[in-house]
Structure formats: C-alpha cells, structure tokens
Amino acid sequence: MTLQIECADLVKIFSTDEVEVQALQGLTLEVDQGELIAIVGASGSGKSTLLAILTGLEVPTAGRAIVAGHDLLTMTSAQRTQYRRHTVGFVWQQTSRNLLPYYTARQNIAMPLAIAGMPRAQRANRTEQLVELLGMGEFAGRRPAQLSGGQQQRVSIAVALANEPEVLFADEPTGELDDINSQLVLDALAAVNRELGVTILIVTHDEDVSAKVRRTVQIRDGRLSTEVHRSTETDEFGEQQHRSQEFVVLDRVGRLQLPQEYVRSLGLDGLVRVELADDHAQVHPTERTAATEAKDDQR
Ligand SMILES: Nc1ncnc2c1ncn2[C@@H]1O[C@H](COP(=O)(O)OP(=O)(O)OP(=O)(O)O)[C@@H](O)[C@H]1O
C-alpha cells in the first residue's frame, strides 16, 4: 500500500500576544491511498488544526506532514496554491462555503474546471460524470437554495472532486443534517471512495459516521490516542459478522494513552504498576496505601 497522508511528530503552536497554544503536540498519523477514515475527538482536541494543515491553510510549526508526496512544511506559497487547487478537495460543514448561490448545481461543479482552464466540451463531460456518479440527475439544474441540505452536500462533494484531487477532506459534512440526509451524504462519500479510489478523511462529531467507516482515529490533546478498526467477516453459517477492535497508539519512546474509560473504571492515577507477561503487558492500579486513603478522606 502507498501512504497518502503521513504525519509524524506534528506540532502546531498558535502564538497570540500573551499566550501560546499548542494545538497539536506531536501527532502521528498514516493513511493509505484509497482509505476512508474518520477523525473524532472532543472540542479543542486539535481536529480542525490538523485539517487546516492537511488542506494547506496553516503551516505546521514542526514535525513532518506529507500528503500525496507534497511536503507541507517546505512548500512555497505558490506550491501551496497549486496543491490546494489540484491535489486536495474539501467539503466544509456550511454549504454556503462550498457552493455559489446564484449558480445551478451543474454550474457549481463546472466552475473549478473552468478556473483550471478545461475546454467547454470536456467540462460538460466531467460534470455529467459526477452528476451521474452521485445520483444528482433530478436536481442538478437547481440552485442551492432549491435543494435540501443533503442534496447541497452531495453537490459540494462533486465540486470538491471536479479537479480529480488525490485526497478529499470533509469537515463535519453531516453536521447540519438530519439522519436521512446524513446517511445520503455518507453513502455518497463511500461511493466516490469506492468508485474513484480517492482517499477520504472525514472530521466528525457524528458517531454514526465514525461507526460506518473501517477506521476511526481519535485525537486527544493534540495527539492520536485510540483507533478503532472495523471489518465484516462471513461466519461458518454464511452470516455476516461485524467486528470492531480498539487500538491505542504507542509512540516511539513507548508512551501510550490508555482509553479514558479504563482509567476511570480502574481508578488509575499517578503511578500504575506494569507487568510483563509471556505475550502481553498488564497495567494495574497501584495498591492504595493507608496514607493515600486517609488523604482522600480529608478532601
Ligand atoms: N488560530 C488560532 N489561534 C489560537 N489558538 C487556536 C487557533 N486555532 C485553534 N486554536 C486552539 O488550538 C486548540 C485546538 O483547536 P481546534 O480548533 O483544532 O480543535 P477541534 O478539535 O477542531 O475543536 P472543535 O471540535 O471545537 O472544532 C484549541 O485550544 C484552540 O483554542
């Protein structure tokens, strides 16, 4: 498999007059070509910052960030513009950011092609291909205001794909939609991933979205914390079984972030006891001494 997104020890510091915020604190993430992946995380965990870096809007402070062979740390501003036009596509949460209100869906799709200088006949062909792929024939002649939120987002996906980007980034693409429309948008993303082989990274709060992709990674405090991998297997009775496995990331110096629910349910705090078994390692809460218990009682 070829790596399409490669981030290693990625750091982003925002400095304002008095404070420095470290939005990404050494994030490591690898995405293969053709993957469809969801990024989740609490508000403020660094998802938007990561997206801004990967789409070429923000420059990382340190570390490594390479997308489709383009190094985002060393790019000149002219290269950055080319990168944004040709290598990556984006779908934002607010459809107003994706679509021009006074053009029809078809004209919106053709616009980035016209800007890229594609001849008229070729433009019409490519537009029709996308209209068909995303099942938009019925409404492609309408303007955004005449479309439902889900239809608008499908048009936005087509606009983002017009110039055949290698990677598509979607920021909360279902954030303003009801369940039915969210499902349509998700199906559309899955279809373009499957049919066109484009790599897709979705940032989302929506648990339904993350449950429907094969791989979901969670960011905590500007770092990758856990990953869930899902697969479907056929059992001995021919029934399809869905399997999901949770992983935590071990960094190069051996640090890992335990899932918060483990920490909470075992009351892990400060020092924990680790033990090496034959084929795995164990983490135990430290036995509480009378002194710590007395201290807790006084709180
Ligand atoms: N331009 C900026 N200047 C200063 N601080 C910033 C800037 N952008 C983000 N931050 C800070 O960086 C941290 C990570 O923010 P980020 O927006 O990436 O998180 P997020 O996970 O996308 O959150 P949300 O889900 O609310 O969008 C936060 O503490 C935020 O306040």
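For ligands, and for the atoms within them, numbers begin at 1 and follow the listed sequence.
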Student: Have a look at Ile202 and tell me which of Leu36, Ile39, Ile37 forms a side-chain contact (heavy atoms from CB on, under 4.5 Å) with it.
Tutor: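 For Ile202, the side-chain contact (heavy atoms from CB on, under 4.5 Å) check succeeds only for Leu36.
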Student: Could you tell me whether Thr49 approaches ligand 1 through its side chain, its backbone, both or neither, with non-hydrogen atoms closer than 4.0 Å?
Tutor: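 It is both parts that get close, each with some atom under 4.0 Å.
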Student: Is there a polar contact between ligand 1 and Gly44, counting only N or O atoms under 3.5 Å apart?
Tutor: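 Yes - when backbone and side-chain N and O of Gly44 are compared with those of ligand 1, one distance drops under 3.5 Å.
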Student: Using distance alone, determine whether Thr16 and ligand 1 share an N or O pair under 3.5 Å.
Tutor: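 Between Thr16 and ligand 1, no N or O pair is found under 3.5 Å apart.
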Student: His205 near ligand 1, heavy-atom distance under 4.0 Å?
Tutor: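 Judged by the 4.0 Å heavy-atom criterion, His205 does count as contacting ligand 1.
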Student: Rounded at 0.5 Å granularity, tell me how far CD in Glu58 sits from CZ in Arg80.
Tutor: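 Here the rounded value is 9.5 Å.
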Student: Looking only at protein heavy atoms, which one is nearest to atom 24 (P) of ligand 1, and what is the separation?
Tutor: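 Here the closest protein heavy atom is Ser43 OG, 3.7 Å.
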Student: Under a 3.5 Å threshold, yes or no: a donor from one side chain and an acceptor from the other, between Thr199 and Glu35?
Tutor: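 No - no donor-acceptor pair under 3.5 Å links their side chains.
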Student: With side-chain contact (heavy atoms from CB on, under 4.5 Å) as the test, would you mind laying out the steps for Leu99 and Ser156 before giving the verdict?
Tutor: CA-CA 7 Å; Leu99 301 176; Ser156 305; 3.8 Å; yes
Student: Measuring from Leu24:CG to Cys7:SG, what's the distance to the nearest 0.5 Å?
Tutor: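 So the gap between those two atoms works out to 8.5 Å.
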Student: To which protein heavy atom is atom 27 (O) of ligand 1 closest, and what is the distance rounded to 0.1 Å?
Tutor: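 The closest heavy atom on the protein side is Ser48 OG, 3.3 Å.
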Student: Quick check on contacts: which atoms of ligand 1 are under 4.0 angstrom from a heavy atom of Ser45?
Tutor: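 By the 4.0 Å cutoff, the relevant atoms are 19 (O), 20 (P), 21 (O).
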Student: Looking at Gln241, I'd like to know if its CD atom is crowded, meaning that more than 12 non-hydrogen atoms belonging to other residues, nucleotides or ligands lie closer than 6.0 Å.
Tutor: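 Atom CD in Gln241 is crowded, with more than 12 foreign heavy atoms closer than 6.0 Å.
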Student: So for atom CD, which belongs to Glu246, do other residues, nucleotides or ligands contribute more than 12 heavy atoms lying within a distance under 6.0 Å?
Tutor: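 For Glu246, atom CD is crowded (more than 12 foreign heavy atoms under 6.0 Å).
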Student: Looking only at protein heavy atoms, which one is nearest to atom 19 (O) of ligand 1, and what is the separation?
Tutor: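 Scanning the protein heavy atoms, the shortest distance from atom 19 (O) of ligand 1 goes to Gly46 N, 3.2 Å.
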Student: Looking at Arg215, Arg220, Arg214, which one forms a salt bridge (charged side-chain N to carboxylate O under 4.0 Å, His left out) with Glu227?
Tutor: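 Result: among Arg215, Arg220, Arg214, Arg215 is the only option passing the salt bridge (charged side-chain N to carboxylate O under 4.0 Å, His left out) with Glu227.
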Student: Looking at atom 31 (O) of ligand 1, tell me if a protein heavy atom falls under 4.0 Å from it.
Tutor: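 Given the 4.0 Å cut-off, atom 31 (O) of ligand 1 does not count as touching protein heavy atoms.
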Student: Give the atoms of ligand 1, by number and element, whose distance to some non-hydrogen atom of Val21 is under 4.0 Å.
Tutor: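 Counting from 1, the qualifying ligand atoms are 11 (C), 12 (O), 29 (O).
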Student: Going by the atom numbers of ligand 1, which of them fall below 4.0 Å from some non-hydrogen atom of Ala23?
Tutor: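 Within the 4.0 Å cut-off of Ala23, ligand 1 contributes 12 (O), 13 (C), 14 (C).
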Student: With a 4.0 Å cut-off on N to O distance, would you call Arg273 and Glu275 a salt bridge?
Tutor: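 Yes, this pair counts.
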Student: Can you confirm whether some protein heavy atom lies under 4.0 Å from atom 2 (C) of ligand 1, or whether none does?
Tutor: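 At least one protein heavy atom is under 4.0 Å away.
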Student: Is there a heavy atom of Ala42 sitting under 4.0 angstrom from any atom of ligand 1?
Tutor: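 Contact check Ala42 vs ligand 1: positive.
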Student: Give the atom numbers and elements of ligand 1 that come within less than 4.0 Å of a heavy atom of Phe14.
Tutor: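 By the 4.0 Å cutoff, the relevant atoms are 1 (N), 2 (C), 3 (N), 4 (C), 5 (N), 6 (C), 7 (C), 8 (N), 9 (C), 10 (N).
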Student: Within this structure, what is the CD1-CD distance for the pair Ile13 and Gln22, rounded to the nearest 0.5 Å?
Tutor: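 So the CD1 of Ile13 and the CD of Gln22 are separated by 4.5 Å.
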Student: Provide, to 0.1 Å, the distance between atom 25 (O) of ligand 1 and the closest protein heavy atom, together with that atom's residue and name.
Tutor: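 Its nearest protein heavy-atom neighbour is Lys47 NZ, 2.8 Å.
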